[in-house]
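For reference, the structure discussed in these notes is given below.
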Amino acid sequence: MVHLVRRRDWIGRIRLALTLFGLPFIGCTREVRTSQSIRPISTSCCNLYTTSVWTMPSSAASHLKSRCPQYPGSKIKRFLVPDDKVGWSQNWPQYNPVSHTDPSVEKKPVWADPDIGSFSPKFNAMDGGVDRTSFEGSYKMEKGKPLNPHGRTGVTGRGLLGRWGPNHAADPIVTRWKVDAKQAKISHSVSKRPILQFVSIKRKDCGEWAIPGGMVDPGEQVSLTLQREFSEEALNSLAVPSSERAKLSERISKLFKSPGFQVYKGCVDDPRNTDNAWMETVAVNFHDESGNSVSELPLQAGDDAGQVQWVDVDSSFPLYANHSHFLELVAKEKKAHW
């Protein structure tokens with residue numbers, strides 16, 4: 001039994017190290033597919049549709065980038081957390097993570113909370129206009145601070161995140177079919193399935209390609225966040241002359257009022273996550289089936305994006321956080337190449 005425990009710990013450490021450094025690990029993991037049930041969600045802006053998604057059997061499997069060796073934007077080294085020590089239920093007296101809150105957060109911008117002790121937030125509830133509930137259900141508290149539902153990350157505090165507990169975001173996945181000069185769908189040479197394209201931005205903070213998205217403002221509906229973030233990051237709507245802004249707004253509103261496919265709702269495996277602050281998102285796919293909606297609009301990177309372009313949906317294309325997983329779900333839904 002002792003040898004078995006040691007072997008699991010050894011394998012967990014190797015797997016974590018290989019994954020964090022971008023190397024493959026071949027092991028006995030499995031995915032669980034849940035049955036699909038689609039139901040409409042009514043909002044004032046658009047009708048979203050939700051469906052069950054692929055889920056991993058353990059939090060450790062979807063909690064890798066949250067344990068990256070060095071915290072982004074800093075020289076802070078995370079305390080190494082092997083797979084078998086991720087869960088809070090695992091007793092680990094030796095766990096001694098460093099506390100880190102980025103100077104930009106400590107300056108107390110309007111989007112950030114004060115330090116714990118200087119205010120009394122209502123965790124696991126709506127706290128005025130701030131939503132402190134989690135899509136994962138009720139999260140635990142320790143010494144007045146919320147604990148990441150997916151477990152240990154190797155660093156405490158808030159890091160680059162403004163809110164203690166869940167930091168809610170929205171990710172609009174805008175897609176179209178890749179077509180030839182005659183507007184016929186192009187299929188992949190290997191899978192023989194039609195190829196989807198999505199609007200991707202290159203983040204300025206880390207240089208990685210990602211789905212355009214951003215934080216949900218206090219009191220803001222997610223549907224409005226989806227439309228706003230896409231307009232600002234992929235179309236640079238804030239810089240569009242007022243004479244053209246109305247036309248752009250009309251075109252975007254038409255797409256975002258169409259039924260969207262809710263791809264994912266829950267915690268995100270984000271390198272900014274800490275033990276006490278983490279990212280959660282609602283990812284929704286808006287598809288331009290005819291190719292005459294946003295497909296005809298010139299893409300222009302906004303303030304938070306270095307570049308923006310249509311990119312083929314393909315498993316080989318590396319993306320920020322767990323955005324690749326979102327696109328895989330979209331490809332499966334559309335029966336497209338992945």
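If you read the sequence from its start, that first residue is 1, and numbering goes on from there. Computed from a prediction, not measured in an experiment: that's the story for all the values here.
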Salt bridge present between [X] and [Y] (N-O < 4.0 angstrom):
| X | Y | value |
| --- | --- | --- |
| Glu280 | Lys265 | no |
| Asp102 | Lys107 | no |
| Lys178 | Asp312 | yes |
| Lys185 | Asp180 | no |

>> Quiz question: by atom type and distance under 3.5 Å, do the side chains of Thr153 and Asp275 form a donor-acceptor pair?
In response: yes
Heavy-atom donor-acceptor pair, [X] side chain to [Y] backbone, under 3.5 Å:
| X | Y | value |
| --- | --- | --- |
| Asn276 | Pro146 | yes |
| Lys335 | Lys332 | no |
| Tyr71 | Thr274 | no |

> Partners of Asp288 by side-chain hydrogen bond (donor to acceptor under 3.5 Å, both in side chains), sequence neighbours excluded?
Replying inline: Ser295
So how far is it from [X] [atom1] to [Y] [atom2], rounded to the nearest 0.5 Å?
| X | Y | atom1 | atom2 | answer |
| --- | --- | --- | --- | --- |
| Asp314 | Leu196 | CG | CG | 11.0 Å |
| Asn148 | Glu136 | CG | CD | 9.0 Å |
| His337 | Arg193 | NE2 | CZ | 10.0 Å |
| Ile201 | Phe230 | CD1 | CZ | 10.5 Å |

>> Under 6.0 Å between ring centres: does that hold for Trp209 and His323?
In response: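 So the answer is no for these two rings.
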> Phe79 and Trp92: aromatic ring centres closer than 6.0 Å?
Replying inline: yes
> So, is the end of the Arg176 side chain (NZ or CZ) under 6.0 Å from the ring centre of Trp310 and within 45° of the ring's axis?
Replying inline: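 That pair qualifies as a cation-pi contact.
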>> Is there a salt bridge (Lys or Arg N to Asp or Glu O under 4.0 Å) between Arg163 and Asp113? Walk through the geometry before answering.
In response: CA-CA 5 Å; Arg163 305 291 181 193; Asp113 289 333; 2.9 Å; yes
